[in-house]
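Read the structure below first, then the notes.
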Amino acid sequence: MSTPRSNIVVMKFGGTSVEDATAILRTAAIVASRLRRNLNPIVVVSAMSRVTDTLLAAAAAAGRNDREEALKISDALRTRHLNTAAELVSNPPNSHPDEHGDRLTSLQLNIHHDFDTLDDLLRGISAVGELTPRTSDNVVSFGERLSSVLVTAAFAQQSIPSTHVDARTVILTDNHYGKAAPNEPAIEAALTEQVLPLIDLGRVPVMGGFIGSCNGITTTLGRGGSDYTAAIVGGALHAGAIEIWTDVNGIMTTDPRIVPEALRVKTISFEEAAELAYFGAKVLHPATILPAVQKNIPVFVLNSRNADNEGTKITATPPPCASPFKSIAAKKKLTIIDIVASRMLLAHGFLAAVFAIFDKHGCAIDMVSTSEISVSVTVDSKEALPAICADLGQIADVKYEGNKALICLVGEDIRGQSGISGQVFSSIAHVNVRMISQGASEINMSFMVNEEDVDEALRSLHKKFFANPDPTIFDIEARVAAMDNV
Ligand code: ADP
Ligand code: ASP
Ligand code: MG
């Protein structure tokens, strides 16, 4: 008989949860705790922390013909992976180097093989001096390819019956390199064929997040995409839960790196979490929520350094909240483009022509505001800007200004609250606010500020709106405990 799908829990561990041997051992202990509850984990891992950025730096160096630098970067990564392997895994006593089951030796061979392949690739890129999105995906995929092999061996060493699954054989995508879209029916078929039988055998499948393939060519789902992999897998298999293990206690009332007093949000709706992720809360990839919503699978955000904490539950129906907002997100490095119609009044079809230009360049718009004679939009793409502005220049006067940031307050309970925007803007009266969203969504309020004002604005807003938080929704116990410790 096959395992009930509701017993399956997809557990995604981010870069910090696999950053070194200590972190990987914590991760193994968390997975073992799920096995003890008779759950069937499927583990999705990110690359070890900072590895993705480092691989991108190696690819960029190769792309500008700097072969030496590219290989030097790769060498340092090889050492880091080999050292971590040696800390975590050992050969059984009296084993023979090429004996099957000789865990450390075969892991080391695997790591060397991957780095030899990577080095060949970097040499090839340096020789042509050109980095295509397809080759960049290939380079960057080594992060998750290596971490998943390493974690599988470490789990086996901890007596977790784990089996490595090459994510590229199950996460089948289109060929939009750098941001590939999943082919859901093909993924479901591949998971049914390759992953479910492992679970039925009582094994823990371990795969890399973020990476996939199109007709055998490696692709990636976009930065932060391991969360998305977890949600795709969970959605396809109708899992009982998806757990996103990271380095904070859950979704917080704002980024705790900017506002250390931020509180954990105990429960939040799919819609709110999606809005937060889209508007800059790095804790979740924006696409993560969709597969979960479609199948109504609860998503938990949890802390691998503090595994007993309840984390945040993302669900279709959280309880009502007495506070207007659940969390405040900020997205930096944005550009505002002001587009003024040349013939004064906005002519019929003008906006359609403007949006068609952004569409043509594949550039997503975060926020739009219109007046009688102009339209302002914000975008986060720098590369496409000159081409977009050249096209817009054909139909309008255009100017753009960078170093902007968007602040977005999210909460389903904004609905029906009168005078809330007055309270928001009076609490940041000292900050210059540029553009205010016209509010297509009823659950967010957003506006633009200069990048240098973001941290101060977040601190002021947080102070104003989370002074007396609703204890059913926010973890005020943690605040009380912190004050007791002072
Ligand atoms: P991972 O490597 O586990 O995917 P990320 O670095 O992508 O982790 O995301 C976790 C980080 O997101 C946290 O360390 C925190 O600084 C940041 N963050 C931003 N906004 C929030 C928020 N509202 N709640 C929690 N974390 C947030
Ligand atoms: N390693 C990838 C990144 O850093 C994907 C992820 O960690 O989610 O973007
Ligand atoms: Mg992440």
Side-chain angles (χ1 to χ4, degrees), residues 11-19 23 26-27 30 44-57 77 136-137 139-148 167 171 178-180 207-212 219-232 243-266 268 272-288 300-306 309 311-312 314 325-332 407-411 454-455 458 461-462 466 474-475 478:
M11 308 177 72
K12 177 262 172 173
F13 292 90
T16 46
S17 305
V18 294
E19 67 186 350
R26 273 196 301 259
T27 292
I30 293 168
V44 174
V45 292
S46 287
M48 295 173 82
S49 58
R50 302 179 311 280
V51 166
T52 304
D53 286 339
T54 311
L55 286 167
L56 284 171
L77 285 179
S136 174
D137 269 5
V139 171
V140 87
S141 73
F142 280 88
E144 271 72 8
R145 287 158 66 176
L146 286 151
S147 64
S148 55
I171 304 298
K179 215 181 177 89
M207 57 195 269
F210 176 57
I211 59 178
T219 56
T220 66
L221 302 173
R223 292 306 305 269
S226 296
D227 297 347
Y228 193 17
T229 303
I232 294 167
E243 296 180 346
I244 306 291
W245 290 88
T246 182
D247 61 350
V248 281
N249 278 344
I251 295 184
M252 312 292 282
T253 45
T254 191
D255 188 339
R257 272 184 299 204
I258 301 174
V259 182
E261 301 75 41
L263 295 167
R264 173 172 62 93
V265 184
K266 294 180 186 172
I268 194 166
E272 290 167 326
E275 205 88 338
L276 277 174
Y278 184 75
F279 287 107
K282 194 189 163 203
V283 65
L284 273 187
H285 182 281
T288 305
F300 296 85
V301 179
L302 296 152
N303 189 350
S304 66
R305 295 169 200 257
N306 185 11
N309 192 286
T312 299
I314 311 173
F325 302 117
K326 294 268 177 61
S327 183
I328 314 170
K331 195 167 178 178
K332 295 185 183 172
I407 292 184
C408 176
L409 297 104
V410 172
V454 173
D455 293 8
L458 284 182
L461 288 165
H462 196 270
F466 295 99
F474 303 100
D475 180 11

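Note that ligands are numbered from 1 as they come in the structure, with each ligand's atoms numbered from 1 the same way. Residues: numbered from 1 along the sequence shown.
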Intermediate values then yes/no, side-chain contact (heavy atoms from CB on, under 4.5 Å), I171 and M207: CA-CA 10 Å; I171 304 298; M207 57 195 269; 3.8 Å; yes

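- Using a 4.0 Å cut-off between a side-chain N of Lys or Arg and a carboxylate O of Asp or Glu, E144 and K12 do not qualify as a salt bridge.
- At distances below 3.5 Å, at least one donor-acceptor pair connects side-chain atoms of T27 with backbone N or O atoms of S17.
- Looking only at distances, a side-chain donor or acceptor of T312 sits under 3.5 Å from a matching main-chain atom of V265.
- Between R257 and ligand 1, at least one N/O pair is under 3.5 Å apart.
- For the 3.5 Å distance criterion, the side chains of T219 and D137 fail to qualify, holding no donor opposite an acceptor.
- E275 CD to L409 CG: the interatomic distance, rounded to the nearest 0.5 Å, is 11.5 Å.
- Scanning T253, D247, N303, L276 for the heavy atom closest to atom 13 (C) of ligand 1 points to D247.
- Closer than 4.0 angstrom to ligand 2 lie heavy atoms from S46, T52, E144, F210, R223, G224, G225, S226.
- At the top of the distance list for atom 25 (C) of ligand 1, counting protein heavy atoms only, stands G250 O, 3.3 Å.
- Among all non-hydrogen protein atoms, the one lying nearest atom 24 (N) of ligand 1 is M252 N, 2.8 Å.
- When non-hydrogen atoms are compared, ligand 1 lies under 4.0 Å from neither the backbone nor the side chain of K326.
- Looking only at atom types and distance, the side chain of T54 has no donor-acceptor partner in the side chain of R50 under 3.5 Å away.
- Ligand 1 does not have H285 within reach: every non-hydrogen atom of the residue lies 4.0 Å or more from it.
- T253 contributes a side-chain N or O that, together with a main-chain N or O of L263, makes up a donor-acceptor pair within less than 3.5 Å.
- For ligand 1, the atoms sitting less than 4.0 Å from at least one non-hydrogen atom of A281 are 20 (N), numbered in the order shown with element in parentheses.
- Annotation for ligand 1: atoms under 4.0 Å from non-hydrogen atoms of I251 are 24 (N).
- The closest approach between any non-hydrogen atom of S49 and ligand 1 is not below 4.0 Å.
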- request: Take I232 and L221 through the side-chain contact (heavy atoms from CB on, under 4.5 Å) test and state the conclusion after the steps.
  value: CA-CA 11 Å; I232 294 167; L221 302 173; 4.1 Å; yes

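- A distance-only check finds a donor-acceptor pair linking the side chain of T254 to the backbone of I328 [under 3.5 Å].
- Using a 4.5 Å heavy-atom threshold, the side chains of T16 and R305 count as touching.
- In terms of protein heavy atoms, atom 2 (O) of ligand 1 is closest to G15 N, 3.2 Å.
- For atom 21 (C) of ligand 1, the closest non-hydrogen atom of the protein is D255 CA, 3.8 Å.
- Closest to atom 8 (O) of ligand 1 among all protein heavy atoms lies T246 OG1, 3.2 Å.
- Ion pairing between a basic and an acidic side chain is recognised when a charged N comes within 4.0 Å of a carboxylate O; D53 and R223 show such pairing.
- For the pair S327 and ligand 1, a heavy-atom separation below 4.0 Å is found.
- Using cut-offs of 30° and 60° on the angle between ring planes, the pair W245 and F13 is parallel.
- In terms of protein heavy-atom proximity, atom 6 (O) of ligand 1 is closest to K282 NZ, 3.0 Å.
- Protein heavy atom at the shortest distance from atom 4 (O) of ligand 1 is K12 NZ, 3.1 Å.
- Where the criterion is an N or O separation shorter than 3.5 Å, residue side chain and backbone included, I328 fails it with respect to ligand 1.
- Look at D455 and K332 and you find a salt bridge, because one of the NZ, NE, NH1 or NH2 atoms lies within 4.0 Å of a carboxylate O, short of that distance.
- Of the protein's heavy atoms, V283 N, 3.5 Å lies nearest to atom 12 (O) of ligand 1.
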